[in-house]
Amino acid sequence: MRAIPTWVDKVHDRDKVEQCIWDLCFRPDGSQLIVAAGNRVLVYDTSDGTLIQPLKGHKDTVYCVAYARDGKRFASGSADKSVIIWTSKLEGILKYTHNDAIQCLAYNPVTHQLASCAVSDFGLWSPEQKNVSKHKVNSRITCSSWTNDGQYLALGLYNGLISIRNKGGEEKVKIERPYAAGSPVWSLEWNPSRDEPYDILSVADWGQRLSFYQLSGKQIGKDRSLGYDPCTLGWFSKGEYVVVGGSNKQCCLHTREGVKLGVIGEQESWVWCAAVKPDSNYVAVGCQDGTIAYYQLIFSTVHGLYKDRYAYRDNMTDVIIQHLITEQKVRIKCRDLVKKIAIYRHRLAVQLPDKIVIYELYSDDSADMHYKVKEKINRKFECNLLVVCSQNIILCQDKRLQCYSFQGVKEREWMMESLIRYIKVIGGPSGREGLLVGLKNGQIMKIFVDNAFPIMLLKQSTSVRCLDMSATRTKLAVVDEHNTCLVYDLNTKDLLFQEPNANSVAWNTHYEDMLCFSGNGLLNIKASNFPVHQQKLQKLQVRNHLLYNIKASNFPVHQQKLQVRNHLIYNIKASNFPVHQQKLQVRNHLIYNIKASNFPVHQQKLQVRNHLIYNIKASNFPVHQQKLQVENQLIYNIKASNFPVHLQKLQVRNQLIYNIKASNFPVHLQKLQVRNQLIYNIKASNFPVHQQKLQIRNQLIYNITASNFPVHLQKLQVRNQLIYYIKASNFPVHQQKLQGFVVGFSGSKIFCLHVYSMSSVDVPQSAPMYQYLEKKHFKDAYKVACLGVTEGDWEALAHEALEGLDFDTAKKAFIRIRDLRYLELIHSIEERKKRGENDNMIFLADVYSYQTKFHEGAKLYKKAGQEQRAMNMYTDLRMFDYAKEYIGSGDPLDKKMLITKQADWAKSSNEPKAAAEMYISAGEFCKAIDIIGDHGWGDMLIDLARKLDKADREALSRAAMYLAKLEQYPYAAEVYSKMGDIKSLISLHVEAKHWEDAFTLVEKHPEYKEEVYVPYAQWLAENDKFEEAQQAFHKAGLQTEAVKVLEQLTHNAVLESRFNDAGYYFWKLSIQCIDIAREEPDKREEMLEKFHDYQRRADMYFAYHSIQRYTDEPFTSHLPEALFNISRYLLHMMQGGIPYGISKVGTLYALAKQSKNLNGFKLARYAYEKLHTLRIPSRFQEAVDLGSVIIRSKPFQDAEELLPMCYRCSTTNPLLNNGGNFCINCRQPFVHSFVSFEVLPLVEFVIEEGITDEEAVQILDLSIPKQKKEDKKWHESRMGQAQTLRLGDETDEPEEEDPFTAKLHSFEQGGTEFKPVRVTRSVLQSLSRSEVYVLKWPKPLRYQFFKSLLPDVTITQCPFCHKLFHTDDFELQYLQKGHCPFCRNSQED
């Protein structure tokens, strides 16, 4: 760091008495310096130190000044207790006072609120308010500063404390510092950087300490001892450095952590104030004796480079290591002044004022960026240059080189004859590295670290400025003091060549014959014996997007950007006119925007089959437009006075010609007809146009001449585009600007250093690669390409090598561009070579064919005797006329193949009828049928099918298929009949939904039953005829599918709350299970179990349907007794499980209500109590709560007429039996009528073993009915209040007991097992057939027999579902619905 005094002034009063400079501050734009000197405010011009104007307004010494951040006003405070607000035009606009002398001022950086601090108080003033709000403090205020966000004000007090206030003046934080009593805080300031995670307050006190604090009051780090009383403290704009001055008569520079870096300026008296110019490196210093000094700080570059690692100093105390390839960066905080940096492989050496620290990488990974301390040499060294090796450091001082180990031991010393001008490590084994040393007297020495004797490589007459050695150590490049680059052969010591205008040089570490050198803003590249390649480079962007800035004379920058694959954007800026922009997009779509002067752009685009017209209007001058419509040829004529260019473009198969005309001078136009080669001629003023032609695919050349400037020649390439300036013996130079100088060359990257920044320049090696290609040196061209060329260059190399039959190089190049098509070609050629083919002419013909050079390829095929290949190629290309030239003499197969391929072409070219006829003539009937069928030509199709032989089954099948698609079912049936394909014929009827025809065929061919009934069932199901569909599945023998249909119907019915339907479907399922059990004995047990389960579910869903309608609908057709009986029935059935969808709450709710209505109070109370244990829907909650309360007022008993009686044992049963739906005494199950669910007077009995069901029915049918006794007359008598009724005589004859009645009591009283009534043959004979009901279940189930104990009660049995009903109930339901209420079968069925 160096401080250069820019100007110095000394302030006196009228009596020539020195005036102390108490404070100074900069205007925010840095143009003026405001100084508090004596009782005046002085305004200086910072550029030259001239006094602009002294401001008089104070009557006593001015102690402080402050400028607002917006630059509109500044303030001054004086010992006369007043504060004056001044405008930027140096006019006083406001004055207000305090009770004491003003000590300091601070402007809020956001709100521009002014804090003015006096001895005992401070005030807050803003332009928006008239009054100044003042706040008392208990100690003298010495300094103040606002935070960056303007929220808090820090006050430094004489008692050593720091008070942090908010914008309203309230104290939020008080920082009580140790030793505060004897250490007044004399200066403080917040770090102005907005990049910090928290606010940092720097504090300087007269305890001779420098401290740092957070907003919370927490100290950052430790106190830094200054050794003098600090009077001023200030930050640089970005917060990287702190300026401190005071009683030591110096102004010093410190780091942000407080480390002293150096002295800015020595003075003759105390430094009372110092300020840093905003956003710059200038510092103003004010002293006790009236001196004002203005310094410029210059921070020198300290850095080191090794291959792709660049280390440099940052903020004077940090070292940043940058990986130039990956752009990774790592920072090492040294916390002291970094004086020198050296880097080599995995070593990094950093020289600090009192030591040298050696770092090493954690690992050998080339991408590793983590360094750790290896050694520290705790000694102070003086040196000009520092170099580090694997095990040593080398110090250079004038003529002396000293080698030290990492432990600080001096191992070796070399003394040169002259001053050392350049030193570089050129590598070598660890501990034996070699150094290149260039001396002022022209000697170039080679020194090995482990050898005490230097080796002189060569001696030249001029002083050495820069050196580098090639990768194989055979060539040496030297830049001398005359800026000449000289290249020597180290073996012969001969000068190979020299180039002028060089300031640095570097060999390519990846390619022996390539070096680059820079100078005069040019970057030059030399390869082998080819010409020099030069570039001027200003800035390079990452990943194939390169920006080139070209500057000529005093004109602004000319900038170009080239993007991927034919997307070119040109921005051309000249003089003071706005930007001329052009954009070229893919394939003949061009958009030009040309803007001149301040006039708007007029753009119009017309697209008529690749004919584009652009109208561009500039200034007030008319537009000249011309349009030429000749096969994709576009001409643009744009005329605009002396403003931008006249542009013309002609495009004929990728040939572009641009004529750009400025002013009234003639245009020179040249047309070059080479594929993808573009030539631009740009003419300005009266100077001639220079044009050069370069014949390389996808390369663009621009020749631009303007005024007295030399020709600007550019070569543009696709992807990774750079602009080259190639100098050859007789050719002009390709140039590009470079700021800085080259320091390294690795592969395709050149490392350039400009001031503090290191950039890597991608250099595609296209020019030398094409020079090798011209000489057919494909392998050398490939080596150069590997250093870095564009994708277009790789493609050119691949094709050139392929045409040169260098398949190995071509293969590698095509792999690079991932062109699988050509890789497959090379692979096939290599395989053919392995099989013994060695005719290069055929290989070259294949290559030409792949490259679309078809005629050349065909000629080579013919020359090699392979006419067949030529014919195949032309037929594949639909060039049938050419193919006929190569057809064999009279070969019918070739002719057929040609006709077939021609038909293929006719088909693809949208001529289907011609293609079909060609296929028929070639005998390709299937292809012809496909075309005819796709286009729906039914008549043509049936005609062809009738002509076909029935043995041609494939063609006939296709014809029938297409006829069916066209819904020509009779014709399709005709074709299938011709083929005798019954199965396809049946499928056709099924597809056409001709079920009757299909059923007729099935009757003759029952083996296809499944092919008809299954789709028929599916069709029925799709048309919502599910029951018929189930029957169809049943007919097809697909019992599983039939069951699945019913299960799905059942599930849907339950989800939709159609419980009567669910019961019906479950009954159907149970019958289906019986059928399966009868037909498949192995599934009998499983199916019978399912039968009983489905029967139970069917009964429950059928019963629950009435409950659900009662609870969910406002009206019901059921009597209370029926709902009461249904609820009881359901609760008994629920003991075996509750099916999905049935609500126990709804059942209990209905039971509770009907029980209460029928005086079954005990049962109702039980139901309400059960309801309270369940989750009740909100719609029932109120009714349940009310009913629960009301039922408690009723007697705890049920009406006797409600209690059911067992017809077997005559026992009166409770309304609910926890055991189930049977008698509590004899356990005989109750039989219910399936409408009202009343208990029927039936008792089930079983037949003793040895009697079959059919035999029992036969016995019953033959039984003789009993004769009924005649009724006796009734006798009535009245005796007083009593009335009696007597039937018959008073004495009856004893009646003979019925055998069945005797069997009724064959049970154990209160037993746990049910013993059914078992009857013998004699009992059966005694029974009356009219009193017995037989449920004839299908096999394998047994019949069920029931005896009616009340013959007068008529009972009806459904013969389908075997349910029993009261006859009146059944007849009413039958009349209403026309079928059984349960199974929905009618008696007519």
Side-chain angles (χ1 to χ4, degrees), residues 1125 1204-1213 1221-1223 1225-1272 1287-1288 1292-1307 1314-1337 1341-1372 1374 1380 1382 1387:
N1125 292 328
M1205 185 189 75
C1206 175
Y1207 286 96
R1208 177 176 179 180
C1209 63
S1210 301
T1211 303
T1212 301
N1213 280 263
N1221 192 24
F1222 51 79
C1223 174
N1225 184 31
C1226 64
R1227 306 185 71 83
Q1228 178 74 33
F1230 293 116
V1231 181
H1232 294 270
S1233 168
F1234 256 70
V1235 175
S1236 63
F1237 281 83
E1238 292 180 1
V1239 177
L1240 294 173
L1242 297 175
V1243 175
E1244 184 179 3
F1245 61 89
V1246 296
I1247 310 301
E1248 71 175 355
E1249 293 181 3
I1251 304 175
T1252 63
D1253 293 341
E1254 292 77 5
E1255 188 179 356
V1257 173
Q1258 190 176 3
I1259 293 172
L1260 287 172
D1261 289 340
L1262 296 175
S1263 62
I1264 301 171
K1266 292 182 183 179
Q1267 296 293 326
K1268 291 186 179 180
K1269 293 183 181 180
E1270 293 182 2
D1271 290 339
K1272 303 293 183 182
L1287 180 61
D1292 292 336
E1293 295 179 3
E1295 188 178 342
E1296 186 178 334
E1297 188 176 11
D1298 183 13
F1300 184 83
T1301 306
K1303 292 284 188 180
L1304 290 178
H1305 302 289
S1306 60
F1307 62 88
F1314 168 60
K1315 291 184 178 180
V1317 177
R1318 191 172 298 276
V1319 298
T1320 61
R1321 188 182 298 270
S1322 59
V1323 176
L1324 279 174
Q1325 292 172 347
S1326 68
L1327 293 175
S1328 173
R1329 180 65 180 90
S1330 62
E1331 297 175 2
V1332 176
Y1333 297 89
V1334 182
L1335 308 187
K1336 297 181 180 180
W1337 294 104
L1341 293 176
R1342 297 289 303 272
Y1343 289 181
Q1344 281 184 283
F1345 298 89
F1346 293 91
K1347 168 74 166 64
S1348 174
L1349 299 185
L1350 296 177
D1352 294 333
V1353 177
T1354 57
I1355 296 173
T1356 299
Q1357 172 196 351
C1358 176
F1360 301 101
C1361 60
H1362 305 298
K1363 295 297 180 188
L1364 299 165
F1365 304 88
H1366 279 300
T1367 301
D1368 295 341
D1369 294 341
F1370 181 79
E1371 289 176 351
L1372 178 62
Y1374 195 90
C1380 170
F1382 186 81
Q1387 298 295 336

Side-chain contact, heavy-atom cut-off 4.5 Å: [X] with [Y]?
X: Val1246; Y: Arg1342; result: no
X: Ile1259; Y: Arg1321; result: yes
X: Glu1255; Y: Ile1247; result: no
X: Cys1226; Y: Thr1211; result: no
X: Leu1324; Y: Phe1345; result: no

Measure across [X] and [Y] and return the closest heavy-atom pair with its distance rounded to 0.1 Å.
X: Leu1240; Y: Tyr1207; result: O-CD1, 3.8 Å
X: Val1334; Y: Tyr1343; result: CG1-CD1, 4.0 Å
X: Cys1361; Y: Trp1337; result: O-CH2, 3.7 Å
X: His1366; Y: Ser1233; result: N-OG, 3.0 Å
X: Leu1327; Y: Lys1347; result: CD2-CE, 3.6 Å
X: Gln1357; Y: His1362; result: NE2-ND1, 3.6 Å

From [X] [atom1] over to [Y] [atom2], what is the distance, rounded to the nearest 0.5 angstrom?
X: Leu1364; Y: Tyr1333; atom1: CG; atom2: OH; result: 8.5 Å
X: Phe1230; Y: Met1205; atom1: CZ; atom2: CE; result: 9.5 Å
X: Arg1208; Y: Arg1227; atom1: CZ; atom2: CZ; result: 12.0 Å
X: Leu1372; Y: Ser1236; atom1: CG; atom2: OG; result: 11.0 Å
X: Leu1341; Y: Lys1336; atom1: CG; atom2: NZ; result: 15.0 Å
X: Asn1225; Y: Asn1213; atom1: CG; atom2: CG; result: 8.0 Å

For Gln1228 and Val1243, run side-chain contact (heavy atoms from CB on, under 4.5 Å): C-alpha distance rounded to whole Å, both residues' side-chain angles, the deciding distance at 0.1 Å, then the answer.
CA-CA 8 Å; Gln1228 178 74 33; Val1243 175; 4.1 Å; yes

Please lay out, stage by stage, how Phe1234 and Asp1369 fare under the test side-chain contact (heavy atoms from CB on, under 4.5 Å).
CA-CA 9 Å; Phe1234 256 70; Asp1369 294 341; over 6 Å; no

Is there a donor-acceptor pair closer than 3.5 Å between any side-chain N or O of [X] and the backbone N or O of [Y]?
X: Ser1348; Y: Leu1242; value: no
X: Thr1367; Y: Thr1354; value: yes
X: Arg1329; Y: Val1332; value: yes

Stepwise, does the side-chain contact (heavy atoms from CB on, under 4.5 Å) test hold for His1232 with Asn1221?
CA-CA 10 Å; His1232 294 270; Asn1221 192 24; 2.9 Å; yes

Does the ring centre of Phe1382 sit less than 6.0 Å away from the ring centre of Phe1365?
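That pair fails the under 6.0 Å test.
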
Worked verdict on Thr1356 versus Tyr1374 for side-chain contact (heavy atoms from CB on, under 4.5 Å)
CA-CA 12 Å; Thr1356 299; Tyr1374 195 90; over 6 Å; no

